[in-house]
Amino acid sequence: MMRLYVEGIGLLGPGLDGWSASRAVLAGEAAYVAAPTNLRASDMLPAAERRRAGVPIKLALTVGQEAFLQAGRETKSASTVFTSSGGDNDNVHAINGILATAPREVSPTRFHNSVHNAAAGYWCIAAGSHEPSTSLCAYDASFVAGLLESATQVVVDDAVVALVAYDHSYPEPLHSVRPITTSFGAALILTKQQSAKSLAAIEVEFRSGKAPETTMKDEALEDLRKGVPAARVLPLLAALAAAKTTQISIDYLEGNHLDIRVTPC
Amino acid sequence: MAASAQEKELAQLIVTSLNLEVSADEIEPDAPLYGEGLGLDSIDILELSLAISKTYGVQLKSDDADNNKIFSSLRSLNEHIQQHKAQ
């Protein structure tokens, strides 16, 4: 079991425009109202990077910035773990289109954005960060994989880690093959030591085998959770929003799962 | 000197292909494109070279010794394109 503290939270999804604006909805105290995800390029970015930023960069930087602001930490001060099932899916579609058409000249900007750690690169430029950064993916379990990696770094290295999870839809025809329903991102600032800013302790435990997965009570939020890999974080965010001791379970790869106990500070 | 029709067309290509936050009218014909001035960087120059190749059929090579001169301003870039484009 790994025990860590949540100091800051960032959130951006359909009808979920920031953690502070969404806390009551996630706690079940206010009704969820669906609306398109309010994507915007972060003002942390220099102009050249801002105009090249695709949807994943907009998601990752917006939620990362909100989480750091809440934690009261400098953006350059923490290690980062970025996790996304597909990365920049618009870019994959566009490059496929270019490669399928003579003379197959790929745009340098698209090539620049095609690496899976593009969000980490943009973040480090925007934040002026020289701290370690990890980028990973694990299909529908991408969020859990990111949480396991972050928790390990926090506990083993006593690092402050910003975990940033994000995903967005593929255009057709890829959407039919890998349906991700919408754009969604979330960020958590995780620490080993409790501080005055700590919102909750979370105890994370990897478990072999299946267990009933924690679902969202609201039907639309449950559809969101199931429809976007990064939105598998929603039960954890709901537990943090409720601010009471809660036990949740999230599926991991190959029939395994993660048990998470949330205890408010 | 005000921008010519050809320079305005090229300015629009620069804005569109690089997703610039300025309008084509705001690009001064004699102001530097790279670094100070319009603030383009090396990725922008590569992207612009691709757009020019597709639009005008003029190949701009990364190892051309005259690149600094060619990309020094909207005006010099337009002159180079007009001299080399397929007739």
Side-chain angles (χ1 to χ4, degrees), chain A residues 38-62 87-128 168 171 183, chain B residues 8-28 31-64 66-68 70-74 77 80-81 84-87:
Chain A
N38 180 15
L39 294 168
R40 61 264 191 187
S42 167
D43 56 13
M44 288 170 69
L45 280 171
E49 275 71 32
R50 197 164 54 234
R51 59 189 159 77
R52 292 184 193 126
V55 173
I57 310 300
K58 291 175 179 170
L59 285 169
L61 268 65
T62 302
D88 192 333
N89 302 332
D90 289 333
N91 206 43
V92 168
H93 173 75
I95 290 178
N96 284 347
I98 293 164
L99 293 177
T101 317
R104 304 207 292 183
E105 290 173 327
V106 175
S107 142
T109 308
R110 295 224 169 268
F111 182 73
H112 171 80
N113 284 341
S114 67
V115 290
H116 194 68
N117 64 349
Y122 279 78
W123 172 266
C124 290
I125 291 170
H168 73 123
S183 303
Chain B
K8 285 180 181 170
E9 185 186 300
L10 179 59
Q12 188 56 55
L13 180 71
I14 294 173
V15 168
T16 308
S17 61
L18 304 181
N19 194 25
L20 292 187
E21 292 169 337
V22 298
S23 72
D25 295 342
E26 292 173 73
I27 301 179
E28 295 287 339
L33 295 173
Y34 192 83
E36 294 300 313
L38 199 53
L40 305 189
D41 61 17
S42 55
I43 295 174
D44 290 321
I45 298 298
L46 287 168
E47 190 72 46
L48 185 54
S49 300
L50 182 64
I52 287 168
S53 158
K54 285 182 175 170
T55 308
Y56 299 101
V58 175
Q59 300 289 329
L60 294 154
K61 300 292 185 189
S62 59
D63 56 357
D64 190 325
D66 290 332
N67 272 341
N68 281 347
I70 294 166
F71 284 98
S72 65
S73 67
L74 176 66
L77 183 58
H80 180 84
I81 292 168
H84 293 85
K85 76 176 181 183
Q87 298 300 314

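In what follows, chains are A, B, ... by sequence order, proteins preceding strands, each numbered from 1. It should be emphasised that the depicted structure is a prediction, and the values quoted were computed from it without experimental measurement.
Atom CG in B/N19 sits 9.5 Å away from atom OG1 in A/T109 (nearest 0.5 Å). Of the inter-residue distances, the one linking A/R52 atom CZ with B/D44 atom CG reads 4.5 Å to the nearest 0.5 angstrom.
Salt bridge status for B/E21 with A/R50: present, with a side-chain N to carboxylate O gap under 4.0 Å.
Between chain B and the residues A/A47, A/S107, A/P103, the largest count of heavy-atom pairs under 4.5 Å involves A/S107.
Annotation: B/E28, atom CD; neighbour count of heavy atoms from other residues, nucleotides and ligands within 6.0 Å does not exceed 12.
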Could you give me the CA-CA distance, side-chain angles and deciding distance for B/I43 and A/E49, then say whether side chain to side chain contact (heavy atoms under 4.5 Å, CB included) is met?
-> CA-CA 10 Å; B/I43 295 174; A/E49 275 71 32; over 6 Å; no
B/E47 vs A/R110, side chain to side chain contact (heavy atoms under 4.5 Å, CB included): CA-CA, chis, key distance, verdict | CA-CA 9 Å; B/E47 190 72 46; A/R110 295 224 169 268; 5.9 Å; no
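B/S17 does not touch chain A: none of its heavy atoms, backbone or side chain, sits under 4.5 Å away. Proximity to chain A involves both the backbone and the side chain of B/L46, based on heavy atoms less than 4.5 angstrom apart.
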